[in-house]
Amino acid sequence: MELTAGLVDVFADAPLSGNPLAVVENADGLSDDVLRRIAGEFNQAETTFLMRSERADWKLRSFTASGAEVGGAGHNALGAWLWLGHHGALGPLDAPATFHQEIGGAVLPITLERRDGRIYGRMRQAPLKLGAPLSSVDALAAALGVGVDQVRPHPAPRAADTGAPHLMVRLQDRAAVDRARPSAEQLLAVLGPAGAEGCYVYAFDETAPATAYARFFNPTVGLWEDSATGTAAGPLTAYLGQQGLLAEHRSLVIEQGTQMGRPSFLHVRLASDAELSGTGIVVLRGVLKI
């Protein structure tokens, strides 16, 4: 069996930056075991499989290299649509066009358009859901390898979800975010009771509320540090907005991946819900034989 597949650098303006995503076309009929093995073969943070849908224009399923299936509309979804647009599967896109994706049991819209030869997408995430604030940050600080005094109390560390639940942790400043050296075992012990899948560690300056700086760790699905995480950027923006910390335009640009040598910039705007936007570059297209 031969399948068209390749790699997209998502949230990137140049090749070999942003967050790489493997994309596989025509994955209908493949067993979950084969999907997981293909994701392991690509060994990327996530591999997204394009499938037919009776509820939307396309159905997307995404797996990490360790075989865990992940939902939410993040780089896994945006990259797949950039792939489709780049290869002409969505029409000319000379004007903004809206499509619908079935992902993780939800059907969500995404709008794409071509600008100066590049495909840009913006997609709405699910409404914000918040978990309970952590009652103590001692175990969290130890798990991250930072001092308790480096964990900012406002907004309180808690799980936030606009498609996937992640623990939002505000640290003192950018330097503190860069100093974080998490322990997977200790972090797992914090994430479970918090009702969170991954941990988004960020710095946010209330005097410059249009930007944030972040790193993402997700040992629960075998993904250590990720260079661009749309399913964490969305809930962070929604959480800051819910706390009244964003500027009047209610949008945020989040820098992520810099520590990994793959700087990424995620743009999120709050309308009724978080809306994630960005572009990317197809860096590889070929045939997968299985």
Side-chain angles (χ1 to χ4, degrees), residues 1-11 19-93 97-114 119-126 162-164 197 218 221-223 226 228-231 234 276 278-290:
M1 186 176 185
E2 295 187 350
L3 301 170
T4 300
L7 292 173
V8 184
D9 284 345
V10 188
F11 301 117
N19 197 357
L21 174 77
V23 179
V24 179
E25 296 183 1
N26 301 317
D28 302 275
L30 298 180
S31 69
D32 285 6
D33 178 64
V34 171
L35 297 179
R36 291 186 172 93
R37 291 172 64 189
I38 291 173
E41 183 81 5
F42 276 110
N43 199 31
Q44 298 298 318
E46 292 174 24
T47 296
T48 296
F49 298 90
L50 297 168
M51 302 177 177
R52 293 185 298 272
S53 173
E54 296 180 354
R55 304 171 59 203
D57 295 289
W58 291 90
K59 179 179 179 178
L60 310 181
R61 294 185 68 189
S62 302
F63 293 82
T64 67
S66 67
E69 185 166 9
V70 292
H75 107 286
N76 58 315
L78 180 60
W81 286 95
L82 295 176
W83 171 275
L84 289 167
H86 178 83
H87 294 112
L90 305 176
L93 298 178
T98 299
F99 304 89
H100 289 83
Q101 55 187 335
E102 180 184 350
I103 184 166
V107 174
L108 298 170
I110 179 168
T111 300
L112 296 107
E113 63 179 307
R114 187 181 300 275
I119 306 296
Y120 288 78
R122 62 180 188 272
M123 57 187 179
R124 196 182 74 215
Q125 297 183 332
T162 59
E197 180 184 291
N218 195 348
V221 297
L223 174 63
D226 194 29
T229 315
T231 59
L276 178 71
T279 186
I281 298 174
V282 176
V283 295
L284 176 68
R285 179 181 173 91
V287 175
L288 173 67
K289 297 182 179 181
I290 59 173

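Values reported hereafter were calculated over all heavy atoms of this structure, with side chains retained and with hydrogens, waters and symmetry mates removed. One-based numbering along the sequence shown.
Applying the side chain to side chain contact (heavy atoms under 4.5 Å, CB included) rule to Arg122 yields the partners Thr111, Glu113, Glu275, Ser277; only residues at least two apart in sequence or on another chain are considered. With sequence neighbours excluded, the residues that form a side-chain hydrogen bond (donor to acceptor under 3.5 Å, both in side chains) with Asp9 are Arg262. With sequence neighbours excluded, no residue forms a ring pair (Phe, Tyr, Trp, His ring centres under 6.0 Å) with His100. Listed by chain and residue number, nothing satisfies the ring pair (Phe, Tyr, Trp, His ring centres under 6.0 Å) test with Phe42 (two or more places apart in sequence, or in another chain). Considering only residues two or more places apart in sequence or on other chains, Thr64 meets the side-chain hydrogen bond (donor to acceptor under 3.5 Å, both in side chains) condition with Ser66. Residues satisfying the side-chain hydrogen bond (donor to acceptor under 3.5 Å, both in side chains) test with Thr231, not counting sequence neighbours, are His166. Under the side chain to side chain contact (heavy atoms under 4.5 Å, CB included) criterion, Ala97 pairs with Leu93, Phe99, not counting sequence neighbours. Contacts of Glu41 classified as side-chain hydrogen bond (donor to acceptor under 3.5 Å, both in side chains), with partners at least two apart in sequence or in another chain: none. In this structure, the side chain to side chain contact (heavy atoms under 4.5 Å, CB included) partners of Glu2, at least two apart in sequence or on a different chain, are Val287, Lys289.
The heavy-atom pair separating Glu197 from Val70 by the smallest distance is OE2-CG1, 4.3 Å. Nearest heavy atom pair, residue Leu288 against residue Ala5, reads CB-CB, 4.2 Å. For Ala65 against Asn43, the heavy-atom pair with the smallest separation is CB-OD1, 3.5 Å.
Applying the salt bridge (Lys or Arg N to Asp or Glu O under 4.0 Å) definition to pairs two or more places apart or across chains, none involves residues 78-93. Sorted by first and then second residue, the pairs that involve residues 20-31 and meet salt bridge (Lys or Arg N to Asp or Glu O under 4.0 Å), not counting sequence neighbours, are Glu25-Arg285, Asp28-Arg52.
With Ser53 as the fixed residue, the side chain to side chain donor-acceptor pair (under 3.5 Å) test singles out one of Gln101, Glu102, Lys59: Glu102. The only option from Leu30, Leu35, Val24 that meets the side-chain contact (heavy atoms from CB on, under 4.5 Å) definition with Arg61 turns out to be Leu35.
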Under 3.5 Å donor-acceptor pairs involving side-chain atoms of residues 71-80, not counting sequence neighbours:
residue: His75; atom: NE2; partner: Pro20; partner atom: O; Å: 3.4
residue: Asn76; atom: OD1; partner: Gly74; partner atom: N; Å: 3.1
residue: Asn76; atom: ND2; partner: Ser62; partner atom: OG; Å: 3.2
residue: Asn76; atom: ND2; partner: Gly72; partner atom: O; Å: 3.3

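A donor-acceptor pair under 3.5 Å is formed between the side chain of His87 and the backbone N or O of Trp83.
Here Thr279 contributes atom OG1 and His86 contributes atom NE2; the two are 10.5 Å apart, rounded to the nearest 0.5 Å.
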Go through the steps for Phe63 and Ile38 under the test side-chain contact (heavy atoms from CB on, under 4.5 Å), then give the verdict.
CA-CA 9 Å; Phe63 293 82; Ile38 291 173; over 6 Å; no

